Every structure is written in C-alpha cells, then in structure tokens.
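In what follows, every chain begins at residue 1, and chains take the letters A, B, ... in the order their sequences are listed. None of the values given here were measured: they were computed from a predicted structure.
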Protein chains: 2
Amino acid sequence: MRDGGYHGFSFREVAADVGIKSASVHHHFPAKEDLASAVVDGYTERFIATLGDPADPSQTPRALIDRYVELFRRALIDEQRMCLCGLLGSETRSLPDRVSADTRTFFHRHIEWLSKVFRSDAPHESQTGIEDKAMRLVATLEGALLVAQSLGDADVFERIVGSTMATLELGGSELN
Amino acid sequence: MRDGGYHGFSFREVAADVGIKSASVHHHFPAKEDLASAVVDGYTERFIATLGDPADPSQTPRALIDRYVELFRRALIDEQRMCLCGLLGSETRSLPDRVSADTRTFFHRHIEWLSKVFRSDAPHESQTGIEDKAMRLVATLEGALLVAQSLGDADVFERIVGSTMATLELGGSELN
DNA sequence: ACCTGAACACCGTTCAAGT
DNA sequence: ACCTGAACACCGTTCAAGT
C-alpha cells in the first residue's frame, strides 16, 4: 500500500504474508475498504503518537518542527517510501468513502498539531496566518517526498526542506 | 489514470471508451507500460508547451510564475484532479521502469523551466539557490494539490500558494 | 470464531484466427 | 494493418461447508 496505493496490493498478497487464504482475510476485513481504513487509522495514530505533545514545555518549537520534518526524512531515507496518506491523498478521487475520510483526518490532525506548535512560537500571530504556515509545511513536505522520490534523489528533499525552513521564521522570540 | 493511478485503470475500460475490444488495444500498446508511457509523454509535452518560453521578453518573471501556478490551480478547480505526474510520482516504487523514467523527466523539465524564469529574475543568484527555489515551488504546488484534494477544500490550495509566493522574493529588480 | 475451496465477474497478456 | 474470441493466471467478493 505504501508502494502502489489502494489499487496496488491484493487480499491474496496479504493472505500469503500472514499464511492464510484470501477468503479468510475477508472474515477479518469484509471488504478492501475495511482493511485499508484500519491500516490508515493505525498509521495516523502511530504518526501522531510519535509526534508527542505539541505544547511540550521541555521542547522548543523549533525542535518540535525539526522532529516533525525528521519523520518525513526517515520515510524517504530509511523506508524509501512515500507517506502512506500522501500516496492515498493523491488517489482520493478513486478511493472508497471511508478511506478518503481517513486520509482527510490524517491531514486535519497534522495541521492541528503543527498549528499548536506555531502558535506557541508566535502567540500574537493571527490564527489564519498560523494555519497557513501549518498547511504550507505539510504540503511542502509531502511534495518534497513526492518529487525526491520521483527523481530518485534524496538530496532533493534536503534542498527543498532547507530552503523552506528559512521561510518559516521559527524561534524568533524564544531562542535558548 | 488521473484518478486512480497506474493500477487504477484497465485496458478493458480504455477499449470500451474507444469502442474496440481490450485485445485490440494491445495491438497499439503491447503492454500497460507502453500505454502509460505514451500518456505521460503526451502530458509532459503539452504541459511544457503551454508554459511557453521561460525567457519570453514580453513577460515579466512574476507573470510567468503566475501562469505556472495557474495551471496547477486549473487542475484542481476545473478538472478536479491531481497532476498526473504527481499521482504517478507517489507511486514510483510500483511503476514499470519506463513510466517512472517518464515521470522523472516531467519533474526535471519543470525544474529546468522554473530555474530559467528565476534566473532571469535574479541574474546574480547562485545556480544552487535558483534550483532550490525551483524545486521548492514544484514540490509545494504538488503538495498543495495533494493536501487540498485530500481535504476536499480548494481554498487550502490558495492559502498554501499565497503563503508560499510571498517567500519567493519575485520581481525584486524588475517591477514594471 | 476462524478457516477453506469453489465460484463469479474482473484484470493484463498471449495467440491463433479472422478482415 | 487492425481487430477479435478464447484462454491463462490474476483480482475482490460471496457462500456453503468445514473445524
């Protein structure tokens, strides 16, 4: 699913990996939509859990954003894969309702988390401005992953991210 | 293909659209890889042709970039679809060699075109800095398309793009 | 509760047979 | 040169039958 998207994996593959027959997989997940939905939900939960508290007082906003970026970097470098929801998001129009809804939730929660971090970094900025920055960061990271993977060049990711970080005006008032 | 990616369309669908049998499609495109490759090549050529000359003296760099952004906006608003190569790029790892090579070419040519525009806007900037900006713009637009489509909210695209354009420092020396 | 084989209409691909 | 039907191993899904 991380490689070929919703249409790029099969019940028979999953069954073979687990060591049962494909008809048996349907006993746990009646339709492909159910299986995919469970996978996306788990992916989102793990991602958000790894991010931790966006208002963690022991972490500087800059450090939290760096950690956020690091998760995308690891997808590209270590796992050599897209973000699951980046892939599914681009397939939205051909996805079953529940799966596209789960993908939507993924991005909502990311924007929410990032907004909280940016908020603690810039308490007086407008909520719109904060959200704009959050949306721009997720979008740029998904896009950087996508383009770097397409070009088969991890350095492209670093160049895009490096050039972007400079535009976020992070840590202005709380360098320590 | 613009909806479900490489694995999301079939020879039998294409055949039905054209009014022949699926076996007949194989006469024109022996394998799915050949069909997809032809589609991607045509898409790339049309896209680049629409962009026009990146050094067009009758156009300000800012206007050229605006036109570039406008093509992505139209994909989202008018066609309600992803960029074909954005979708395929996210599937890179499960694509036949020739199709992923074609997708790579798409992004190379976009970065090349954008670099020329940025170059004419900033003749003294380093080539690395120019390319970084070009890569960042394609990546951000692909990501903005992806996130806006995932959230089912075209306004998300506008907010990301608006917030990004301000960081490109365009038209500094040639306002007219 | 969990698994299975067999069936269904689908998929890419091949090929011998038609015009 | 272009099309076709039939076949192959694949796909999601269903279901009656097993433990």
Treat a base pair as Watson-Crick or G-U wobble with both distances under 3.5 Å, then lay out DNA chain D in dot-bracket form, 5' to 3', with | for cross-strand pairs.
||.|||||...|||||.||
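Among residues two or more places apart in sequence or in another chain, the salt bridge (Lys or Arg N to Asp or Glu O under 4.0 Å) test is passed with R98(A) by E33(A), D34(A). Legend: residues meeting ring pair (Phe, Tyr, Trp, His ring centres under 6.0 Å) with Y68(A), ordered by chain and number and at least two apart, are F72(A), H110(A), W113(A). Residues forming a ring pair (Phe, Tyr, Trp, His ring centres under 6.0 Å) with H7(A) (at least two apart in sequence, or on another chain): none.
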List, one per line, each side-chain donor-acceptor pair under 3.5 Å for residues 22-30 of chain A, sequence neighbours excluded.
| unit_1 | atom_1 | unit_2 | atom_2 | d |
| --- | --- | --- | --- | --- |
| S24(A) | OG | K21(A) | O | 3.4 |
| H26(A) | ND1 | P30(A) | O | 2.8 |

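A salt bridge does not link R74(B) with E79(B): none of the charged nitrogens is closer than 4.0 Å to a carboxylate oxygen. At a threshold of 4.0 Å, the pair R73(A)-E70(A) counts as salt-bridged, since one of the basic side-chain nitrogens sits closer than that to a carboxylate oxygen.
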Tell me, for nucleotides 4-19 of chain C in 5' to 3' order, what letter each nucleotide earns: B for a base near a protein heavy atom under 4.0 Å, S for only sugar-phosphate near one, - for neither?
BB-----BBBB-----
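At least one cation-pi condition fails for K32(A) and F11(A): the charged atom is not both under 6.0 angstrom from the six-membered ring centre and inside a 45 degree cone around its axis.
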